[in-house]
Amino acid sequence: MSLLEVERINALYGDSHVLFDLSIHVNEKEVVALLGRNGAGKTTTLRTIMGVLSPRSGEIRLDGKPISGLPPSAIARVGVQLVPEERAIFGGLTVEENLRLAALTAPKPWPLDRVYEVFPRLKERRTSRGRTLSGGEQQMLSIGRALIRDPRIILMDEPFEGLAPLIVRDLVNVSRALAAEGRTMIVVEQNVAAALSFADRVYGLNNGHVVYEGSAKELQAEPERMASFIGVGLHG
Amino acid sequence: MPSWATLLSQAFNGLALGSLLALVSSGLTIILGTLGVLNFAHGALFTVGAYAIFVAFQYTSSFFLAVAMGSVFMLVLGILLERVIVRLFYDRPHEDQILVTYGVGIVLVEVLRNVFGSHAQRVPVPSWGTGVTEMGFLMYPTYRLQLIGMVAAILLALYLILYRTSLGLVVRAGIENPGMVGILGIDVKRTFLVVFAVGCVAVGLAGMLYAPVVAVSPDMGATFMVQSFVVIVLGGLGSFPGAVVGGLIAGEIISITSAFNSAYSDVMLYGLMALVLVLRPQGLFGSEGRV
């Protein structure tokens, strides 16, 4: 049994149908990349798993127990953690307050220092307010907020978007280290090369349908195949 | 041109009025920021606080004991209002929330009028606060100085709750982005009851401490209600520092203008509000987004 099973979910934003009978699964200690064009339904898939959006039909299970239909706060408490695209840092709270807030309802939160070991920069800025952080620091804090909860699975939405190449390199290294120590993750990313460098398995999405499934290695060997499915080049 | 002594004494009056406005507005702004509900019963709750100390003082004859009893009463009233009425309106449109809280305000005021009559009641100045204090440059009523100190202490307590406790952390984060607070595993609605009750106690305390200075009547809260709306617009909706600073600014403007011509004190207040709305629409301490 997989850790996370998404089975034939349909999701709508108002009247527009965004996900169609979408099924994916993620095994324990596996990193899965969701690839596809803008509007393919990647972000919606993550938001639906987190409970921000309720699926109209279908079921989502964690450890075999259904979680679809629960509010995000309940889904977070069973160990699912979204790192949203917009980062959603609390600008009026300090770095440390952002982390302490995230840790409040975690059953076994990390000590702050463990987050600071992953992101030493956050320790330097621990008394700074969120709104004064650079984009890269905000992304570190957003990932740090997820890590401090020690969740079963992390859902990362475009973690490298809009960041300078050097910062992306650092964040990719952190992601690789997290993958290597056995953290389960789903990553949505436009930077396909970066995502494939630490993903085990890939789903290709198009117009709310799964159109491809394969290992990251297979896909790296056949870049034109990926392109033919969803029109995203490896260096796109 | 009024004398310097008059101006100085009006400046102190402004400080007293401003600190009260700060206390009233901080309850209003925290409830608005956290629950998303603009509480139109807030002025009536101020009046209820004044009547609470009027009644409690008759039984206890001790100012502090009366304040303590009044606070417990405001806490219970706040819990009841949230559980029985306000809670049902969290997912309703803002118009409905305004109408229902406005209605609650009318009911509270009319109940007071029915029980105590329309005429003014007196709450005596506590024995330790009678007379005037000689400050060298100014003679000023002792109780008004103590009033400023007591309000400052209550505001400090509110500050500590907001900035030094886990509840405060959740409330401040919830004011900014309630959706993300939920994604981090916290059910924001669980804090709503506490926030509403604390807001009720805050505005009730303002009414209690103000009672010895004025005549207690069923309509005394109306002016404070309107002025506290101006204050939270000045300071920024949902901002506690904004409510404190905005309250002090509003108090000084009203009092200083009164020294020249009291007919213009409201004009100056609304003029400043218009100016702030043009130059900084989110208010002095507000951030864009939410509400």
Side-chain angles (χ1 to χ4, degrees), chain A residues 46-53 67 70-94 96-109 127 129-132 138 141-152 154-157, chain B residues 26 29-30 32-34 87 90-91 158-195 232 235-245 280 282-291:
Chain A
L46 296 191
R47 289 168 61 84
T48 308
I49 296 170
M50 191 69 231
V52 178
L53 193 67
I67 57 169
L70 296 176
S73 56
I75 293 178
R77 285 197 295 270
V78 297
V80 177
Q81 197 54 58
L82 175 68
V83 179
E85 191 175 5
E86 70 280 7
R87 293 165 198 149
I89 297 305
F90 298 104
L93 271 54
T94 65
E96 194 149 311
E97 285 175 332
N98 268 279
L99 292 170
R100 282 202 292 119
L101 178 81
L104 280 180
T105 61
K108 278 188 182 171
T127 57
R129 289 190 188 274
R131 71 170 70 91
T132 67
Q138 289 198 356
L141 180 54
S142 193
I143 297 172
R145 268 190 328 201
L147 287 175
I148 200 168
R149 296 180 60 81
D150 197 13
R152 307 286 309 277
I154 298 180
L155 317 174
M156 287 216 265
D157 196 354
Chain B
S26 50
T29 208
I30 294 170
L32 173 65
T34 312
R87 187 169 61 110
Y90 289 143
D91 298 323
L158 277 179
Y159 170 85
L160 290 175
I161 292 174
L162 268 177
Y163 288 84
R164 293 284 181 275
T165 67
S166 294
L167 171 73
L169 191 58
V170 174
V171 168
R172 281 185 294 139
I175 288 173
E176 269 193 54
N177 186 344
M180 191 62 215
V181 175
I183 288 172
L184 291 173
I186 301 153
D187 185 356
V188 192
K189 283 198 177 170
R190 286 198 178 176
T191 66
F192 285 8
L193 171 65
V194 186
V195 170
I232 65 172
L237 302 179
S239 165
F240 174 73
V244 174
V245 174
R280 201 176 152 79
Q282 72 272 36
L284 298 173
F285 289 78
S287 49
E288 284 137 296
R290 189 80 208 273
V291 193

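In what follows, chains are A, B, ... by sequence order, proteins preceding strands, each numbered from 1. Remember, it's a predicted structure, so these values are computed and weren't measured experimentally.
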Student: Without hydrogens or angle criteria, can the side chains of B/Ser166 and A/Arg100 be said to hold a donor-acceptor pair below 3.5 Å?
Tutor: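 Side-chain D/A pair, B/Ser166 to A/Arg100: absent.
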
Student: Can you say whether A/Leu104 sits under 4.5 Å from chain B via the side chain, the backbone, both, or neither, judging by heavy atoms?
Tutor: side chain

Student: What part of A/Glu97 gets closer than 4.5 Å to chain B, counting heavy atoms only: side chain, backbone, both or neither?
Tutor: both

Student: Hey, are A/Arg87 and A/Gln138 close enough side-chain-wise for a donor-acceptor pair under 3.5 Å?
Tutor: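 Not at all, the side chains of A/Gln138 and A/Arg87 share no donor-acceptor pair under 3.5 Å.
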
Student: Students often mix this up, so state it plainly: with edges at 30° and 60°, are the rings of B/Tyr163 and B/Phe240 parallel, tilted or perpendicular?
Tutor: tilted

Student: Please classify the contact of B/Val181 with chain A as side chain, backbone, both or neither, using a heavy-atom distance under 4.5 Å.
Tutor: both

Student: Under a 4.5 Å heavy-atom cut-off, does chain B meet the side chain of A/Ile89, its backbone, both or neither?
Tutor: backbone

Student: Would you mind checking which part of A/Val52 comes under 4.5 Å of any heavy atom in chain B, side chain (CB onward), backbone (N, CA, C, O), both or neither?
Tutor: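 Contact with chain B involves the side chain of A/Val52 alone.
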
Student: Applying side-chain contact (heavy atoms from CB on, under 4.5 Å) to B/Phe285 and B/Arg280, what does each step give before you reach the verdict?
Tutor: CA-CA 10 Å; B/Phe285 289 78; B/Arg280 201 176 152 79; over 6 Å; no

Student: Just to verify, which of B/Leu169, B/Leu167, B/Val171 counts as forming a side-chain contact (heavy atoms from CB on, under 4.5 Å) with B/Leu162?
Tutor: B/Val171

Student: Sort A/Pro151 into side chain, backbone, both or neither according to what part of it lies under 4.5 angstrom from a heavy atom of chain B.
Tutor: neither

